[in-house]
Each structure stands twice: as structure tokens, then as C-alpha cells.
Amino acid sequence: MEIFDCIAAVARPVHDFGDEFMSDEATAAIGLRAGFTPGRGFYCRGRFGVLGEAPAAVVQAVQGFLGPDLVVTGWRAGRPVMPAEKAAACYAEAVRTWGRARIPADADVEHFNRLAQRLIDAADADALPLFAGWRAQPVPGDDPLGAAMQRVHVLREHRGACHLAAVRLSGLSAREAMVVNLGVEQAAHYGWREPNPAAAALIPRWQRAEQLTDEMQAPLYATLTARQRADFAQLVSALTSTHPACTHPA
């Protein structure tokens with residue numbers, strides 16, 4: 001499989017599987033049990049806790065795509081519950097717990113973990129601090145299912161960080177990119193106040209940002225052989241298949 005064919009095959013499943021985790025009530029329940037109140041506190045403090053005790057404005061600048069009010073409110077709400085480092089570890093455990101419950105039993109997670117880690121290790125993290133923070137999170141060696149989900153999350157953070165850089169390089173704001181990609185209603189859902197419909201002239205810029213994102217990820221996938229890329233695309237498809245019921249005990 002060619003490099004860009006592999007990137008195209010895995011980008012959407014990795015993104016959407018991560019979205020399922022983040023929006024799942026089971027994930028929110030872990031936050032509640034950890035002491036977070038209902039809302040975005042666990043999500044913001046956990047996901048962005050890898051940045052350390054940064055000011056809310058810095059967290060907003062690093063993650064980019066969520067509206068400032070959402071991030072500032074969630075980050076501040078989570079601060080009294082636990083330190084950022086502990087919140088990130090708690091969120092990483094939630095990632096693994098969700099993976100143990102949702103990844104199909106017949107998926108070859110051992111092979112996936114080998115290839116995914118090779119991609120993660122090959123990444124240049126310069127200017128990608130959120131990815132760098134998640135790559136630095138420990139991955140248990142005795143939990144292959146949980147480790148597979150954590151690596152899905154790390155790869156998702158890599159593409160997201162690359163995409164934010166590509167969006168800005170293409171002359172778009174993060175807000176404009178969200179509206180072009182998702183529409184006004186969804187942009188509002190993700191914290192942008194009264195977003196305006198996207199101007200037609202912005203669409204080619206967003207398409208260019210997508211292309212640049214692929215190009216920024218290409219060096220990772222160049223470390224795999226064509227056969228390994230084909231295997232990886234198949235493994236991602238197998239891991240992220242939709243299963244309404246738990247396949248493994250969480």
C-alpha cells in the first residue's frame with residue numbers, strides 16, 4: 001500500500017474511534033468517580049493535563065479547535081480536583097479501560113501495537129506539544145488491549161496537532177476550519193459562539209490544510225514497508241469496528 005493511501009484509510013477511523021471514547025457516558029462516569037463534576041472538567045483537565053499546570057489561555061492555544069469558553073471553563077473546573085499530571089494519568093487509564101471494553105476480541109492487537117509504536121516513535125514532535133505530551137505517557141506492557149487504545153489516542157493527537165498547524169499555514173483560523181469542516185451547528189456544539197457560515201473562498205484553504213496534514217504525517221508511514229502499511233490499515237479497520245455491546249470485561 002502506498003503511503004498516502006494508508007493515511008487516507010486510517011485517518012477517519014482513528015479520529016472517529018477517539019471521538020466515541022471522548023463522548024461516551026462510560027468515560028464521563030470514570031471522571032465522576034474520580035471526583036470531577038458533570039461537564040467538561042474531566043475531558044479538559046485529563047486530555048490537556050499532559051501540558052502540565054499551564055494557564056488556560058495556553059491550553060487553548062495548544063489545542064486550537066475547541067472554543068475558548070469551553071476550554072477555559074473545563075480546565076478551570078478540573079483544576080481543584082487533581083493536579084494536571086494526575087488528571088492526565090487518570091484520563092490515560094480511562095482510554096485504556098474504554099479500549100478493553102470496545103476493541104473486538106479477534107483483533108490482532110499485538111501486531112497493531114508493534115506497528116503503531118513504530119509510527120509513534122518515528123514522529124517529529126517539534127511544534128506538536130499535545131502529541132508530545134501524550135507520547136510521553138507510560139503504556140503498560142501487560143495490557144495489550146488498553147495499550148492499543150492508548151496508541152490510537154496518541155496517533156489521533158498527532159494528526160490533530162498536524163492539522164492545526166496546517167490550518168494556520170493555509171490561512172484559516174481554527175474557528176473557520178471547524179465551520180468549513182463541520183458546519184455552524186457542530187462548531188457551536190464544540191464551543192464556538194455564534195459561528196458564521198463558511199465563505200466559499202475558505203473551502204479550498206481547508207482542502208489545502210487536509211493535504212498538508214497528510215504530508216506532515218507521511219514521514220511516519222514511510223518507516224513502514226508497503227506490506228506493513230496494508231497490514232496497519234486492515235488492523236485499524238478491525239480495531240475500530242463498531243460494536244454496540246462490550247466485547248471484553250472493562
Given side chains that start at C-beta, do those of M149 and F17 come closer than 4.5 Å, heavy atoms only?
yes
Write down the atom of A148, the atom of N113, and the distance for their closest heavy-atom approach.
CA-OD1, 3.1 Å
Is L32 reachable from F21 through a run of I, L, V, M, F, W or Y residues, each pair having side-chain heavy atoms under 4.5 Å apart?
no
CZ of R156 to NE2 of H153: how many Å apart, nearest 0.5 Å?
7.5 Å
Given the rule in the side chain to side chain contact (heavy atoms under 4.5 Å, CB included) test, do L119 and T223 qualify, once you have shown the distances and angles that lead to the verdict?
CA-CA 7 Å; L119 295 173; T223 64; 4.2 Å; yes
Of all heavy-atom pairs between V179 and A187, which one has the smallest distance, and what is that distance?
CG2-CB, 3.8 Å
Do any N or O atoms from the side chain of R229 and from the backbone of Y221 form a donor-acceptor pair under 3.5 angstrom?
yes
Could you give the distance from CG (D126) to CZ (F131), rounded to the nearest 0.5 Å?
11.0 Å
Mind checking whether M22 and W98 sit in one hydrophobic cluster, side chains of I, L, V, M, F, W, Y counted as touching below 4.5 Å?
yes
Can you check side chain to side chain contact (heavy atoms under 4.5 Å, CB included) on M1 and Q228, steps first, answer last?
CA-CA 8 Å; M1 177 177 274; Q228 288 172 328; over 6 Å; no
For W192 against L66, the heavy-atom pair lying closest together
CZ2-O, 3.6 Å
Using a 3.5 Å cut-off and no angle test, enumerate the donor-acceptor pairs between side-chain atoms of residues 33-52 and protein atoms at least two apart in sequence or in another chain.
{"from": "Y43", "atom 1": "OH", "to": "R47", "atom 2": "NH1", "distance (Å)": "2.5"}
{"from": "R45", "atom 1": "NE", "to": "M82", "atom 2": "O", "distance (Å)": "3.2"}
{"from": "R45", "atom 1": "NH1", "to": "E53", "atom 2": "OE1", "distance (Å)": "3.3"}
{"from": "R45", "atom 1": "NH2", "to": "E53", "atom 2": "OE1", "distance (Å)": "2.9"}
{"from": "R45", "atom 1": "NH2", "to": "E53", "atom 2": "OE2", "distance (Å)": "3.0"}
{"from": "R45", "atom 1": "NH2", "to": "M82", "atom 2": "O", "distance (Å)": "3.3"}
{"from": "R47", "atom 1": "NE", "to": "E157", "atom 2": "OE2", "distance (Å)": "2.8"}
{"from": "R47", "atom 1": "NH2", "to": "E157", "atom 2": "OE1", "distance (Å)": "3.1"}

Report yes if some heavy atom in the side chain of D214 is under 4.5 Å from a heavy atom in the side chain of R159; otherwise report no.
yes
Can a donor-acceptor pair be found between the side chains of Q207 and Q211 at a distance below 3.5 Å?
no
Carboxylate-amine/guanidinium proximity below 4.0 Å for E176 and R205:
no
About how many Å separate CZ of R96 and CZ of R151, when rounded to the nearest 0.5 Å?
10.5 Å
Between V81 and Y91, is there shared hydrophobic-cluster membership here, with clusters defined by ILVMFWY side-chain heavy atoms closer than 4.5 Å?
yes
Assess whether atom CD of E215 is packed by more than 12 heavy atoms of other residues, nucleotides or ligands within 6.0 Å.
yes
Applying side chain to side chain contact (heavy atoms under 4.5 Å, CB included), can you list everything that pairs with A107, at least two apart in sequence or on another chain?
I103, V109, L239
N/O donor-acceptor pair under 3.5 Å between S241 side chain and S237 backbone:
yes
Over all heavy atoms of both residues, which pair between R135 and A123 is shortest? Give the atoms and the distance, please.
NH1-O, 2.9 Å
Where A218 and F4 come nearest, the two heavy atoms and their spacing:
CB-CZ, 3.9 Å
Once rounded to the nearest 0.5 Å, what's the spacing between atom OG of S170 and atom CG of L202?
11.0 Å
Separation between CZ of F65 and CE of M178, rounded to the nearest 0.5 Å
7.5 Å
Is it the case that one hydrophobic cluster holds both V62 and W134, taking links as side-chain heavy atoms less than 4.5 Å apart, direct or via other members?
yes
To the nearest 0.5 angstrom, please state how far the CG atom of L145 sits from the CG atom of D143.
6.5 Å
Any side-chain heavy atom of C162 within less than 4.5 Å of one from H158?
yes
Return yes if some donor-acceptor pair links the side-chain N/O of Q150 with the main-chain N/O of P138 below 3.5 Å, else return no.
yes
Measure the shortest side-chain to side-chain distance between V236 and F112 over non-hydrogen atoms and say whether it is less than 4.5 angstrom.
yes
In the single-linkage hydrophobic clustering (I, L, V, M, F, W, Y; side-chain heavy atoms under 4.5 Å), do V154 and M216 co-cluster?
no
Are the side chain of R168 and the backbone of L172 linked by a donor-acceptor contact shorter than 3.5 Å?
yes
Nearest heavy-atom pair of A174 and L164: which atoms, and what distance?
CB-CD1, 4.2 Å
Would you check if there is a donor-acceptor pair between the side chains of E93 and T97 at a distance under 3.5 Å?
yes
Side chains of D24 and E20 in contact at under 4.5 Å (non-hydrogen atoms):
no
